[in-house]
Amino acid sequence: MDAAHPIGIFDSGYGGLTVFKSIAALLPQYDYVYLGDNGRAPYGNRSFETVHQYTLECVEWFFKMGCPLVILACNTASAKALRTIQQADLPRIAPDRRVLGVIRPTAEIIGSYTKTGAIGVLGTKGTIASGSYDIEIHKFFPEARVHQLACPMWVPLIEYGEYKSAGADFFVQQYLDQLLTAAPDIDTILLACTHYPLLIDKIKKYLPPGINVVAQGDIVAGSLADYLQRHTEIDAKLTKQGRMSFYTTDDTTDFDNHATVFFGQKIASQFVHLDAAG
Ligand code: DGL
C-alpha cells in the first residue's frame, strides 16, 4: 500500500469487522487497514495492563502502516486501553496522530433511545467491570439508569461458530433473563461488544416486544463521519482510493472464513508478526 494513509481499524479479533462493515458502507471513499489480534484474543478477561500493552503494540503497528487515525473497534480495548493511549502514549510517540474508541460515540446517543430511562448494557467481563459505559452514559444522560451485565459465554459461542445452534439459545436466554429480572423496566439494550451483533436474531427472539436492541456499527460510523468533518486537518491526511486490506496475528485461513461471516464479504487477509513489525 504505497503512499497510502489509511484509517486503521483495530479489534482483538473478528468482532471489529461488524463495526468496519458499517464504516465502509458509510465512508467507502477512504483507504482502510484492519488488524485483528487473533493470536492473543480474546481480550475480554485480560487485565488492564495486558490489554493496554497489546493494544498499544497494535496501534504502533498501524502508525508504521501510515495510519494518521486509528479506531479501536473493540469495546474491551476502548474500555481498558484508550484513555492511557490518548493521554500518556500519543503525546510521547505520535502527537499528530489520533486514536478513537467506540464507547464515547455510543454513550453520546444511547440515552436518547430510551423512554423508560432504563438501559441494559451487555459486554465482556472486562468492559463491564471497567464501568466505562456507566460513567460515559451518565456524562450525557445523568438521569439514565444503566444496568450492566457481562455475558462471558457469548464470544466463545460466536468464535466457535455455535451462535446459530440450539446451545446458543440457552446462554442467550440465561443472560437476558438475568438482566430483565434485575431491571424489568429496561426498554433499550446495547450490545456493547462487537461480536454480539451475530446473536441479534436470537437476542430479539427471547425479549418481550417493545425492547430496542442496539448494535454499535452504525453509531460509530456516523460519529466517525462527523469527526472527519470537524477535523479537516486529519481528513486531509487520509488517502481516499477506497482500498481495504486485512491483517491478522493468527491463521489467515481461519480469519478469512470468519471474516466472511462478520464482514459479509469474502476477504484475503495477510499474516502479521507484531514483534517483527515492531
Ligand atoms: N471485540 C471485543 C469487544 O468488543 C470482544 C472480544 C474479546 O474479548 O476479545 O469487547
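Counting convention: from 1, in listed order, for ligands and their atoms alike.
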Inset, instruction - Enumerate the atoms of ligand 1 whose separation from the nearest heavy atom of Ser12 is less than 4.0 angstrom. - result: 1 (N), 2 (C), 6 (C), 7 (C), 9 (O)
Legend entry - Lys/Arg-Asp/Glu bridge criterion (N-O < 4.0 Å) met for Arg40, Glu57: yes
Inset, instruction - Look at Glu60 together with Lys64 and state whether they make a salt bridge at an N to O cut-off of under 4.0 Å. - result: no
Inset, instruction - Would you confirm whether the ring centroid of Tyr247 sits within less than 6.0 angstrom of the ring centroid of Tyr34? - result: no
Inset, instruction - Could you see which bit of Val102 sits under 4.0 Å from ligand 1, with heavy atoms only: side chain, backbone, both or neither? - result: neither
Inset, instruction - Give the atoms of ligand 1, by number and element, whose distance to some non-hydrogen atom of Tyr43 is under 4.0 Å. - result: 7 (C), 8 (O), 9 (O)
Legend entry - Pair Asn38, Thr249: side-chain N/O donor-acceptor within cut-off below 3.5 Å: no
Inset, instruction - For Cys74 and ligand 1, answer yes if some heavy atom of the residue is under 4.0 Å from a ligand atom, otherwise no. - result: yes
Inset, instruction - Assess the side chains of Tyr163 and Asp201: does a donor N or O sit below 3.5 Å from an acceptor N or O? - result: no
Inset, instruction - Give the single entry among Ser78, Ala192, Gly44 that approaches atom 8 (O) of ligand 1 most closely by any heavy atom. - result: Gly44
Legend entry - Six-ring centre of Phe63, Arg97 cation under 6.0 angstrom, axis tolerance 45°: yes
Inset, instruction - Check ligand 1 against Thr124 and write out every atom of the ligand that is under 4.0 Å from a heavy-atom position of the residue. - result: 5 (C), 8 (O), 10 (O)
Legend entry - Part of Ala41 within contact of ligand 1 (heavy atoms, under 4.0 Å): neither
Inset, instruction - Could you see which bit of Asn75 sits under 4.0 Å from ligand 1, with heavy atoms only: side chain, backbone, both or neither? - result: both
Legend entry - atom 5 (C) of ligand 1 [closest protein heavy-atom partner, distance rounded to 0.1 Å]: Cys193 SG, 3.5 Å
Legend entry - Spacing of Leu224 atom CG and Leu228 atom CG [to the nearest 0.5 Å]: 4.5 Å
Inset, instruction - Looking only at protein heavy atoms, identify the closest one to atom 10 (O) of ligand 1 and say how far it is in Å. - result: Thr76 OG1, 2.7 Å
Inset, instruction - May I ask you to check whether Phe171 and Trp154 place their ring centers less than 6.0 Å from one another? - result: no
Legend entry - Sub-4.0 Å heavy-atom approach of Pro42 to ligand 1: yes
